[in-house]
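Remarks on the structure that follows.
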Amino acid sequence: MPLDAMDEVTDDALLVLYANGDAGAARALTLRLTPRVLAHSYRLLGDRAEAEDVAQDAMMRLWKIAPHWRQGEAKVTTWLYRVVANLCTDRLRKARGVGLDTIPEPADETPGPADNMVDAARAKALQQALQTLPERQRQAVVLRHIEGFQNPQIAEIMEISVEAVESLTARGKRALAAELAGRRDELGYYDG
Amino acid sequence: MPGAAMNWGTTMADKTQPKDDGLDLQAFFDAAQGQGPEASPDLLARVLADAEDQRAAPVAPARRPRLPRLRALAAALGGWPAFAGLATAAVTGVWIGFSAPDTVDDLTAGYLGIAETPQFADLMPQFDMFMTEG
């Protein structure tokens with residue numbers, strides 16, 4: 001099947017095609033899901049190299065589960081985000097004890113027009129603030145406000161109740177706001 | 001860097017977002033959505049290579065274990081319950097054959113209405129009979 005013809009095909013169906021030996025399905029899934037998995041793991045870990053490792057590992061697990069995937073039982077993205085979260089948790093546990101000073105600085109994006117610079121600065125500040133949150137709060141806030149998932153799907157990914165998701169995002173946002181407000185002067189930004 | 005351009009984004013207020021210290025978190029979330037790391041060609045190539053490796057080594061279907069002959073026969077007949085039925089029928093047949101000739105005789109006599117069970121009928125008289133002069 002040509003690659004552009006696969007744009008309309010669901011993740012589920014692509015995974016079944018891949019399991020049946022379709023090389024085009026592998027390419028389509030790689031291009032569709034790897035950027036999302038990488039972005040999510042970066043937001044949870046705050047480190048590009050680690051995020052790439054997690055993304056590759058998570059995708060490898062997807063390839064391995066493909067022959068056993070039962071279509072329609074679960075969403076591929078829900079399963080994949082859960083895998084990413086577990087892999088990130090493992091890495092964060094191994095690195096536990098690392099102080100805030102050693103949290104890696106997010107990589108600077110290429111400077112562009114003023115708007116892009118503002119956005120880049122905000123994204124960088126947010127990423128640093130996210131790293132100060134407890135893991136579960138960070139995960140819930142990222143899924144809800146950056147990845148754009150709805151609470152029921154976040155509950156499914158995190159395997160908790162919707163009420164627990166609401167509680168985590170509310171606490172996470174309060175902590176983020178406090179962290180960002182406290183770092184205005186340090187980061188050199190001022191309200192306009 | 002002009003301070004006005006690098007504010008905290010209060011002009012992009014989201015009505016649903018609570019404000020903390022005049023901070024608009026939604027502006028930060030919006031910025032982060034457009035600033036995620038891009039997947040490098042190298043990463044995509046590695047992921048695709050993994051996909052190809054896994055695709056090249058499909059999971060072999062589990063070989064059905066070969067059944068011993070007796071089990072195969074039982075399976076062909078419909079399992080062990082069918083075997084039990086067969087065995088019962090066989091034993092019953094043997095038991096009837098060996099143990100109850102009198103009962104069978106009585107039953108036959110009653111059915112035919114005669115006292116003795118006929119041993120055989122002389123349907124083919126011997127040749128001597130035809131040679132007798134009468």
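Just so we're on the same page: letters track the sequence lines, and every chain starts at 1. This is a predicted model, so every value here is computed, not measured.
Atom-to-atom distance recorded for A:L62:CG and B:Q54:CD is 10.5 Å, nearest 0.5 angstrom. We find the CD-CG distance between B:Q33 and A:D119 to be 10.5 Å, quoted to the nearest 0.5 Å. To the nearest 0.5 Å, atom CZ of residue A:R122 and atom CG of residue B:D24 are 8.0 Å apart. Distance check: B:F28 CZ to A:I146 CD1 gives 11.5 Å after rounding to the nearest 0.5 Å. In this structure, the separation between NZ on A:K173 and CG on B:L25 is 7.0 Å, given to the nearest 0.5 Å. The CD atom of B:E52 lies 8.0 Å from the CZ atom of A:R27; values are rounded to the nearest 0.5 Å.
Judged by distance alone, with hydrogens and angles left aside, the side-chain atoms of B:R55 form a donor-acceptor pair with the main-chain N or O of A:G21 at under 3.5 Å.
When hydrophobic clusters are built by joining Ile, Leu, Val, Met, Phe, Trp and Tyr residues whose side-chain heavy atoms come closer than 4.5 Å, directly or via intermediates, A:V16 is not grouped with A:V76. In the hydrophobic clustering of this structure, A:W69 groups with A:L33; members are Ile, Leu, Val, Met, Phe, Trp, Tyr whose side-chain heavy atoms approach within less than 4.5 Å, directly or through other members. Cluster membership check: A:I65 shares its hydrophobic cluster with B:V47, using side-chain heavy-atom separations under 4.5 Å among Ile, Leu, Val, Met, Phe, Trp and Tyr. Hydrophobic clustering keeps A:V9 apart from B:L48 (ILVMFWY residues linked when any side-chain heavy atoms are closer than 4.5 Å, directly or through intermediates).
Closest of all the heavy-atom pairs between A:R43 and B:A32 is NH2-O, 2.9 Å. Residue B:A51 comes nearest to A:Y18 through the heavy atom pair O-OH, 2.7 Å, listed as atom of the first residue, atom of the second, then distance.
Looking at B:E38, only its backbone comes within 4.5 Å of chain A, counting heavy atoms on both sides.
For A:E50, the side-chain hydrogen bond (donor to acceptor under 3.5 Å, both in side chains) partners at least two apart in sequence or on another chain are A:R91.
The shortest side-chain heavy-atom distance between B:F29 and A:V141 falls under the 4.5 Å cut-off.
Clustering of Ile, Leu, Val, Met, Phe, Trp and Tyr by side-chain heavy atoms under 4.5 Å joins A:I160 with A:Y81, A:L143, A:F149, A:I154, A:I157, A:M158, A:V165, A:L168.
With respect to chain B, the highest number of heavy-atom pairs below 4.5 Å among A:H40, A:M59, A:E147, A:Q56 belongs to A:Q56. Interface remark: of the candidates B:D42, B:D50, B:L44, B:D50 forms the most heavy-atom pairs closer than 4.5 Å to chain A.
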